[in-house]
S.K.: 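Handing you this structure, nothing more for now.
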Amino acid sequence: MTQSSLYIGLMSGTSLDGIDIALIEFDDHHLIKLIAADCFPMPFELREQLLAICTSKQTTLQQLGETDAQLGHIYANTVNTLLEKHQIDRQTIGAIGCHGQTIYHSPSGKYPFTMQIGDANIIAAKTGITTIADFRRKDMAFGGQGAPLVPAFHQELFASPTKNIVVLNIGGISNFTILFPNQMVTGYDTGPGNLLLDSWTQQHLHKPYDQDAMWAKSGKVNQELLKHLLDEKYFHQPAPKSTGRELFNLSWLNRKLMPFKLSPQDIQATLVDFTVISVTHELEKLSFDQSLPCELLVCGGGAKNPLIMQRFKEQLPDWTVASTTERGVDVDYVEAMAFAWLAYQRLHNLPGNIPAVTGASKSVSLGVIYPAG
Ligand SMILES: Nc1ncnc2c1ncn2[C@@H]1O[C@H](COP(=O)(O)OP(=O)(O)OP(=O)(O)O)[C@@H](O)[C@H]1O
Ligand SMILES: CC(=O)N[C@H]1[C@@H]2OC[C@@H](O2)[C@@H](O)[C@@H]1O[C@H](C)C(=O)O
């Protein structure tokens, strides 16, 4: 089999708002170039179905099975649309890495599990391309959290021997990777990203999100509420740790809001600081080599929230705060690129997880291979 240098990554995340796809090229020195990328909105009915499944509201096995197959078709169509649009010969693609859609993540129960759906057999059959999926459970089988998995890719892209680099993904949930100059790496889920901001906006403004944080800017941060939000036990748990909408959701927020009588816009303003301070509190616990510069590189949709970026700059006056786009890697596609890279790692039997991040007992190649034929 010719060693193709082209790989596709597919990611639909916690926000359930779209499917990101990235086509990347490797050269012999592992250099990674983004050839093409796009984001396809999640059809409204499918988003509603997924939301019902994620919040386990009377979902039948029939609905779960059909949604798994439907997602497989949608992912396959996303790949075929990108290949047609860019006139790419599918025979030149080494593999597709499909994260799938997380419907439940329970890394610390009696029987830890994480569940991503989107039938990879359908993707392989409909695209004619070897497809790799089910990336998280191998890490979990070796005692890890199964998340976050992007740190190894962040290390590949951004590590520097002369800087302290923190790569922060602000998706529905936020996770960061700490890249120390001595090549040590750590990372974990820091807490909510856009999820509560979006849910609160949807509930009060009936809009998908608070565009440019205009609504949050009209409110005032309430320090008492912020302190109460930060008093969640997740923030006091040691790493390795990961979370999701299973914990940080509107029910959790409404319980936290009970003792308060605040305007919705003051709550939105406070939620912005909640996303920011829950990260900076973690950075304060870490010891960086202060003789070297510190850089915070932000990706994910939250990097496009001007108030979040402003508040990081205010909270970290001695740091360089930038988006990964400013470092040549589009904020929208870092995660999809990561799953293309994880597919490359799997096909070459190279490790995908970092035990220091997930808590797994060893580094292993992640994902199950679904051949096209
Ligand atoms: N101009 C903007 N102003 C404020 N927020 C923005 C802006 N652009 C994007 N966002 C935020 O990014 C989100 C969309 O980003 P994206 O589709 O990457 O999802 P995500 O939040 O990264 O989540 P996930 O990847 O976990 O599904 C929006 O819902 C919003 O919260
Ligand atoms: C179970 C799951 O899907 N977790 C996601 C979620 O979204 C952000 C954060 O929580 C991260 O831990 C993870 O995704 C990214 C891609 C990761 O595994 O690195």
Side-chain angles (χ1 to χ4, degrees), residues 9-20 37-42 47 50 54 97 99-107 112-118 134-137 139-140 144-155 167-177 187-202 207-217 239-248 268 271-272 275 298-310 323 330-339 341-342 352-354 357-358 366:
L10 285 168
M11 174 75 194
S12 52
T14 314
S15 301
L16 302 170
D17 55 359
I19 297 166
D20 298 335
D38 211 335
C39 174
F40 293 83
M42 190 73 82
R47 184 180 193 280
L50 287 166
C54 294
H99 169 264
Q101 179 63 55
T102 293
I103 52 169
Y104 212 83
H105 183 63
S106 174
F113 75 94
T114 185
M115 202 172 278
Q116 285 77 43
I117 62 170
D134 191 7
F135 287 96
R136 299 188 185 279
R137 291 195 293 179
D139 176 83
M140 213 174 246
Q145 292 273 315
L149 296 183
V150 293
F153 181 63
H154 288 163
Q155 182 181 28
V167 186
L168 171 67
N169 168 65
I170 306 180
I173 293 289
S174 290
N175 60 285
F176 67 7
T177 304
Y188 46 87
D189 289 358
T190 57
N194 302 314
L195 200 55
L196 296 176
L197 285 165
D198 289 356
S199 303
W200 191 250
T201 301
Q202 286 152 22
K207 291 180 181 172
Y209 63 90
D210 178 14
Q211 173 87 26
D212 296 337
M214 295 306 287
W215 190 38
K217 287 175 187 167
K241 59 181 179 176
S242 57
T243 186
R245 62 165 63 239
E246 295 81 13
L247 171 60
F248 293 108
Q268 184 76 0
L271 289 174
V272 168
T275 289
V298 187
C299 57
K304 297 185 283 188
N305 181 322
L307 187 55
I308 286 180
M309 295 301 278
Q310 174 195 320
S323 72
D330 192 322
V331 298
D332 285 329
Y333 301 113
V334 175
E335 286 187 327
M337 291 170 71
F339 282 87
W341 180 81
L342 285 166
N353 64 340
I354 297 182
V357 168
T358 64
L366 302 174

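Ligands are counted one by one from 1 in listed order, and the atoms in each one are counted from 1 as well.
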S.K.: Hey, looking at atom 26 (O) of ligand 1, which of Ala336, Gly172, Ala303 has the closest heavy atom?
M.R.: Gly172

S.K.: Counting only heavy atoms not in Arg47 (residues, nucleotides, ligands), do more than 12 fall under 6.0 Å from its CZ?
M.R.: yes

S.K.: Under 4.0 Å, heavy-atom basis, I'd like to know which part of Ser242 is in contact with ligand 2: side chain, backbone, both or neither.
M.R.: neither

S.K.: How far is atom 29 (O) of ligand 1 from its nearest protein heavy atom, and which residue and atom is that?
M.R.: Asp198 OD2, 2.6 Å

S.K.: Within a strict 4.5 Å, meaning less than it, do heavy atoms of the Thr14 and Leu195 side chains meet?
M.R.: yes

S.K.: What do we get for Asp210 next to ligand 1 when only non-hydrogen atoms under 4.0 Å count, side chain, backbone, both or neither?
M.R.: backbone

S.K.: Can you name the nearest heavy-atom pair linking Ala303 to Val331, along with the distance?
M.R.: CB-CG1, 3.8 Å

S.K.: Can you tell me the protein heavy atom closest to atom 3 (N) of ligand 1 and the distance?
M.R.: Asp212 N, 2.8 Å

S.K.: Short list, please: which atoms of ligand 2 are under 4.0 Å from a heavy atom of His105?
M.R.: 1 (C)

S.K.: Taking distance alone, with no angle check, do Ser12 and ligand 1 share an N/O pair under 3.5 Å?
M.R.: no

S.K.: Could you find the nearest protein heavy atom to atom 13 (C) of ligand 1 and give me its residue, atom name and distance?
M.R.: Asn194 ND2, 3.9 Å

S.K.: Going by the atom numbers of ligand 2, which of them fall below 4.0 Å from some non-hydrogen atom of His99?
M.R.: 3 (O)

S.K.: Of the protein's non-hydrogen atoms, which lies at the shortest distance from atom 10 (N) of ligand 1, and what is that distance?
M.R.: Gly301 O, 3.5 Å

S.K.: Heavy-atom contact under 4.0 Å between Ile170 and ligand 1?
M.R.: yes

S.K.: Would Ala213 count as being in polar contact with ligand 1, using the rule that some N or O on each side must be under 3.5 angstrom apart?
M.R.: no

S.K.: Which protein non-hydrogen atom lies closest to atom 7 (C) of ligand 1, naming both residue and atom, and how far is it?
M.R.: Tyr209 CE1, 3.5 Å

S.K.: Look at atom 17 (C) of ligand 2 and find which of Thr102, Leu149, Ile103 reaches it with the closest heavy atom.
M.R.: Leu149

S.K.: Where's the contact between Asp20 and ligand 1, heavy-atom distance under 4.0 Å: side chain, backbone, both or neither?
M.R.: neither

S.K.: What are the atoms of ligand 2, with element, lying closer than 4.0 Å to any heavy atom of Ala147?
M.R.: 12 (O)

S.K.: Which pair of non-hydrogen atoms, one from Lys304 and one from Asp332, has the smallest distance, and what is that distance?
M.R.: NZ-OD1, 2.8 Å

S.K.: Roughly how far, to the nearest 0.5 Å, is CZ of Arg136 from CE of Met115?
M.R.: 14.0 Å

S.K.: Using a 4.0 Å heavy-atom cut-off, say whether Glu335 meets ligand 1 through its side chain, its backbone, both or neither.
M.R.: side chain

S.K.: For the pair Tyr104 and Phe113, name the ring-plane relationship: parallel under 30°, tilted 30 to 60°, perpendicular over 60°.
M.R.: parallel

S.K.: Is Asp212 paired with Lys217 through a side-chain N to carboxylate O contact shorter than 4.0 Å?
M.R.: no

S.K.: What's the shortest distance from atom 17 (O) of ligand 1 to any protein heavy atom, and which residue and atom give it?
M.R.: Asp17 OD2, 3.1 Å

S.K.: Do Val150 and ligand 2 have an N or O pair less than 3.5 Å apart?
M.R.: yes

S.K.: If we ignore angles and hydrogens, is there a donor and acceptor under 3.5 Å between the side chains of Glu246 and Ser106?
M.R.: no

S.K.: Identify the closest protein heavy atom to atom 2 (C) of ligand 1: which residue and atom is it, and at what distance?
M.R.: Lys304 O, 3.2 Å

S.K.: Okay, side chain of Asp210, backbone of Ala216: is any donor-acceptor separation there less than 3.5 Å?
M.R.: yes

S.K.: May I ask you to list the atoms of ligand 2 that are less than 4.0 angstrom from any heavy atom of Pro148?
M.R.: 12 (O), 17 (C), 18 (O), 19 (O)

S.K.: For the residue pair Tyr209 / Gln211, report whether a side-chain donor-acceptor contact shorter than 3.5 Å exists.
M.R.: yes

S.K.: For atom 23 (O) of ligand 1, what's the nearest protein heavy atom and its distance?
M.R.: Ser15 OG, 2.8 Å

S.K.: Report the member of Asp189, Val334, Asn175, Leu195 with the shortest heavy-atom distance to atom 8 (C) of ligand 2.
M.R.: Asn175

S.K.: Write down the atom of Asp189, the atom of Thr243, and the distance for their closest heavy-atom approach.
M.R.: OD2-N, 2.9 Å

S.K.: Using a strict cut-off of 4.0 Å, indicate which atoms of ligand 2 neighbour a heavy atom of Thr14.
M.R.: 6 (C), 7 (O)

S.K.: Counting only heavy atoms, which portion of Asn305 has something under 4.0 Å from ligand 1: side chain, backbone, both, or neither?
M.R.: both

S.K.: Using heavy-atom distances, let me know which of Glu335, Arg136, His154 sits nearest atom 14 (O) of ligand 2.
M.R.: Arg136

